[in-house]
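Below: the structure, in structure tokens.
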Amino acid sequence: MSERSKQPTDTVEPFARDCYVDCAMDSATEAFIVHRNLLFTAAYEMLGSAADAEDVLQETWLRWVGVDLDTVLDQRAFLVRITTRQALKRLRTLGRRKESYVGPWLPEPLLTAPDVAEDVELADSVSMAMLLVLETLTPTERAVFVLREVFELDYDEIAQAVDKTQAAVRQIAHRARAHVAARRPRGTGSPAEHRAALQAFQRAVETGDLQSLLDILAPDVVALSDGGGVKHALLRPMVGADKVARLLAARWWKRNAERSTELVQINGGPGLLVRVDGEIDGVVAVRVENGYVTGAYHVRNPEKLSRVERETVVSR
């Protein structure tokens, strides 16, 4: 774990910060602070939304302070159990919300520290591509997969968190692993190769050079954009290098505004922070396989951009 992730108090949200100021640093508060970044990461991976993950943490905190700690053998496991149950409730609400969402729904992007990429499994688990794969799982499958494959919890701990038997959890985990394995990116390459591909992509979109775009895009590249019905965005996925390249070359820069892109770490990997007239307009995350961009995810919904102005600590 990095030194950054050992300092969770830097990322305490307002709901908890008030309590930490007004209340003595008792055992419950201390335990919550120690595990807060892990709990946020677990909730975020289950929900794909930082705002909803924060709400889940608030609900977790309110339940945690009412627990008799003398009866808790493993505080980390107990907190994960509360968080998981609250996340599962919210997942079902999110499902109904997404049914009426305008255009493709993309996860809320996070500006993450460069050292997140050093933990390959963590970086992969919070990547935009993986979060989209997790969207295809049922809520329970998603929770079980995250707790088992990312956080390596024992089956009995997961069983208590999702209110299932150990035998049922093992079956769910097997089914979820097979589902994810069939859909997750392959041949992603090293972080350095990923960054090189993104830099080439950045140069191509900045210049609007059609051939340069065709050179870096995979033949079956998929482009998704999320405007949330507030900002202009594609209403359906666009597939194919020629279509995506022409879209980027023709529409990316030809507007009466000053545009700029900045290479940043988005969800554990390189991404682009897009500004228009100096203001943040969106984020582009890419999926890179074997040196080519196979997925481009453009988030413009203003409600999803609050986490790209400051780093969010994720840990496991």
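Position 1 is the first residue of the sequence, and the numbers go up from there. The model shown is predicted, which means the values in this text are computed figures rather than measured ones.
For the pair Val146 and Ser125, the minimum side-chain heavy-atom distance is 4.5 Å or more. Side-chain contact between Leu235 and Val102: present, with at least one pair of heavy atoms (C-beta onward) separated by less than 4.5 Å. Using a 4.5 Å cut-off on side-chain heavy atoms (C-beta onward), Arg203 and Ile216 make no contact. Phe201 places a side-chain heavy atom less than 4.5 Å from the side chain of Val284. Contact check for Leu39 versus Val80: side-chain heavy atoms found under the 4.5 Å cut-off. Side-chain contact between Thr60 and Phe32: present, with at least one pair of heavy atoms (C-beta onward) separated by less than 4.5 Å. Taking 4.5 Å as the limit, every side-chain heavy atom of Val308 sits out of range of all side-chain heavy atoms of Val264. Annotation: side chain of Thr41 is not in contact with side chain of Arg316 (no heavy-atom distance under 4.5 Å).
The CZ atom of Arg90 sits 8.5 Å away from the OG atom of Ser49 when rounded to the nearest 0.5 Å. Expressed to the nearest 0.5 Å, how far CD of Glu152 lies from CG of Leu147 amounts to 12.0 Å. Remark: Arg183 CZ to Met130 CE distance equals 12.0 Å, nearest 0.5 Å. Note that OG1 of Thr312 is 8.5 Å distant from OH of Tyr44, once rounded to the nearest 0.5 Å. One finds the CH2 atom of Trp61 at 11.0 Å from the CZ atom of Arg36 (value rounded to the nearest 0.5 Å). Between the CD1 atom in Ile158 and the CG atom in Asp156 there is a gap of 8.5 Å [rounded to 0.5 Å].
Counted by atom type alone, Asp26 and Thr29 present one or more donor-acceptor pairs between their side chains at under 3.5 Å. Between the side chains of Asp215 and Gln211, at least one donor N or O sits under 3.5 Å from an acceptor N or O. A donor-acceptor pair shorter than 3.5 Å can be found between the side chains of Arg287 and Thr294. No hydrogens or angles considered: nothing links the side chains of Asn267 and Tyr297 as a donor-acceptor pair under 3.5 Å.
Scanning both residues, Gly291 and Ala197, for their nearest heavy atoms gives O-CB, 4.0 Å. Across every non-hydrogen atom of Gly282 and His298, the tightest pair is CA-NE2, 4.5 Å. When all heavy atoms of Ala176 and Glu141 are compared, the pair lying nearest together is CB-O, 3.9 Å. Of all the heavy atoms in Thr112 and Ile266, the pair that sits closest is OG1-C, 4.1 Å. Here the closest heavy-atom approach between residue Ser315 and residue Leu122 is recorded as CA-CD2, 4.0 Å. Nearest heavy atom pair, residue Glu45 against residue Phe151, reads OE1-CE1, 4.3 Å.
Taking 4.0 Å as the cut-off between side-chain N and carboxylate O, Glu54 and Arg307 count as a salt-bridged pair. With salt bridges taken as basic N to acidic carboxylate O contacts below 4.0 Å, one links Glu135 and Arg142. Checked for salt-bridge contact, Asp163 and Arg85 meet the test: a charged N lies under 4.0 Å from a carboxylate O. Residues Glu59 and Lys89 are not paired through a salt bridge, judged by the lack of any N-O separation under 4.0 Å between the basic side chain and the carboxylate.
Under a hydrophobic clustering in which Ile, Leu, Val, Met, Phe, Trp and Tyr are joined whenever their side-chain heavy atoms come within less than 4.5 Å, directly or via other members, Met238 and Val221 fall into the same cluster. Hydrophobic clustering (ILVMFWY, side-chain heavy atoms < 4.5 Å, transitive): Leu134 and Val169 are in one cluster. The same ILVMFWY cluster, assembled from side-chain heavy atoms under 4.5 Å apart, contains both Val150 and Leu137. By the criterion of side-chain heavy atoms lying less than 4.5 angstrom apart, applied directly or through intervening Ile, Leu, Val, Met, Phe, Trp or Tyr residues, Leu198 is grouped together with Leu247 in one hydrophobic cluster. A continuous path of hydrophobic side-chain contacts links Leu79 to Val56 [ILVMFWY only; heavy atoms under 4.5 Å].
For NZ of Lys243, the number of neighbouring non-hydrogen atoms (other residues, nucleotides, ligands) closer than 6.0 Å is 12 at most. The neighbour count for Lys231 NZ, taken as heavy atoms of other residues, nucleotides or ligands under 6.0 Å away, is above 12.
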Problem set entry | Audit row: Glu309, Leu111, side chain to side chain contact (heavy atoms under 4.5 Å, CB included) steps and yes/no | CA-CA 7 Å; Glu309 297 186 74; Leu111 182 68; over 6 Å; no
Problem set entry | side chain to side chain contact (heavy atoms under 4.5 Å, CB included) between Leu47 and Glu108, intermediate numbers included | CA-CA 9 Å; Leu47 300 167; Glu108 184 178 350; over 6 Å; no
Problem set entry | side chain to side chain contact (heavy atoms under 4.5 Å, CB included) evaluation trace for Arg97 with Leu94 | CA-CA 5 Å; Arg97 192 190 308 169; Leu94 280 177; 3.3 Å; yes
For this session: Start with the C-alpha gap between Asp74 and Glu157, add the side-chain angles, then the distance that decides, and say whether side chain to side chain contact (heavy atoms under 4.5 Å, CB included) holds.
Result: CA-CA 10 Å; Asp74 185 333; Glu157 294 177 298; 3.9 Å; yes
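Listed for the Asp277 side chain is a donor-acceptor partner under 3.5 Å among the backbone atoms of Glu258. Judged by distance alone, the side chain of Lys304 and the main-chain N or O of Leu106 form a donor-acceptor pair under 3.5 Å.
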